[in-house]
Amino acid sequence: MGLEKETSGTSVIMDEDEFNRSIEPILPKKGRSAYATEPDRDPHDMNAHLKVGFDDVIAEPASAHSFDKVWVGSHAAFELVKFLLYRVLSALLAVPAAFILGLVFAVLSCIHIWLVMPAIQSFLMLLPSLRVVWRSLTDMFVTPLYRSMGRSLSSVQVTTTEC
C-alpha cells in the first residue's frame, strides 16, 4: 500500500454563441438579432408581477392630456431609463447576489439533509413509545380528575328566570 496520487482536471467549455450573447448591443436594430428566439429566462413565470410598463405606472385621464410629444418623450425616457438602469444594476449585483444565494441555499440544504431530517426521523421513531407513556399518564391523572369533576357537577341544576 503505497502513497496514491490522483489527478483531476476541470475545464469550462463555452459555446461560441453562448459567449457572444453577453456582448450583443444594448439596443439592437429592428429585425436584426443574433438569435432567432430569445431564451426564456423565467420559464415558471415567477416574476410576472415585475412586468411593468409605462401604461401601468403613468396614465392620463381623458380630462387632462399633455402634448403628444411630451407623452411620447416621457414614455421613451421611462423605458430607456428602466432598461439601462436594470442592465447596470444587474451587471453590478447579479454575480455577488448569485454567490450569496448559492451559499445560503447550500447551507440550508446541508442543515436540512444532515440535521433536520435525521431529527424528524428520530422523533418519528420515538413516537410509538411516547404514545404509550402519554396514554398511561393521562389514564392515571387526567381521566380520574375529569370523571370525578363530572360526577360531582352532574347533580348541579341551573335554571334561569326572567326578572
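A distance of 10.5 Å separates CG of D55 from CD of E60, quoted to the nearest 0.5 Å. From W134, atom CH2 reaches atom OG of S129 across 14.5 Å, with rounding to the nearest 0.5 Å. Of the inter-residue distances, the one linking M117 atom CE with S122 atom OG reads 10.5 Å to the nearest 0.5 angstrom.
For the pair W71/I58, a side-chain contact is recorded, criterion being any heavy-atom separation below 4.5 Å from C-beta on. At a threshold of 4.5 Å between non-hydrogen side-chain atoms, the residues H112 and L108 do not count as touching.
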Applying side-chain contact (heavy atoms from CB on, under 4.5 Å), run through N47 and R41 and close with a yes or a no. CA-CA 10 Å; N47 294 314; R41 294 185 183 181; over 6 Å; no
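No continuous path of hydrophobic side-chain contacts links L89 to V81 [ILVMFWY only; heavy atoms under 4.5 Å]. Hydrophobic clustering keeps M46 apart from V104 (ILVMFWY residues linked when any side-chain heavy atoms are closer than 4.5 Å, directly or through intermediates). Note on L137 and L127: separate hydrophobic clusters, where clusters join Ile, Leu, Val, Met, Phe, Trp and Tyr whose side-chain heavy atoms are under 4.5 Å apart, directly or indirectly. When hydrophobic clusters are built by joining Ile, Leu, Val, Met, Phe, Trp and Tyr residues whose side-chain heavy atoms come closer than 4.5 Å, directly or via intermediates, F123 is grouped together with V116. A continuous path of ILVMFWY side-chain contacts below 4.5 Å connects L115 to V107, so both sit in one hydrophobic cluster.
Considering every non-hydrogen atom in both T138 and P144, the closest pair reads O-CD, 4.3 Å. Minimum interatomic distance between S90 and R87 (heavy atoms only, all atoms of both residues): OG-O, 3.0 Å. Residues R151 and S154 come closest through the heavy atom pair O-OG, 2.9 Å. Contact detail for P118 and I113: the closest heavy-atom pair is CD-O, 3.3 Å. Of all heavy-atom pairs spanning H75 and F54, the tightest one is CD2-CD2, 2.9 Å. Taking both residues in full, the closest heavy atoms of K51 and D45 are given as NZ-OD1, 3.0 Å, listed atom of the first, atom of the second, then distance.
The local environment of NE2 in H44 is sparse, with at most 12 non-hydrogen atoms from other residues, nucleotides or ligands closer than 6.0 Å. Counted within 6.0 Å of OH on Y86, heavy atoms from surrounding residues, nucleotides or ligands total 12 or fewer; the atom is thus considered open. For M125, the CE atom is loosely surrounded, since the number of other residues' heavy atoms within 6.0 Å does not exceed 12.
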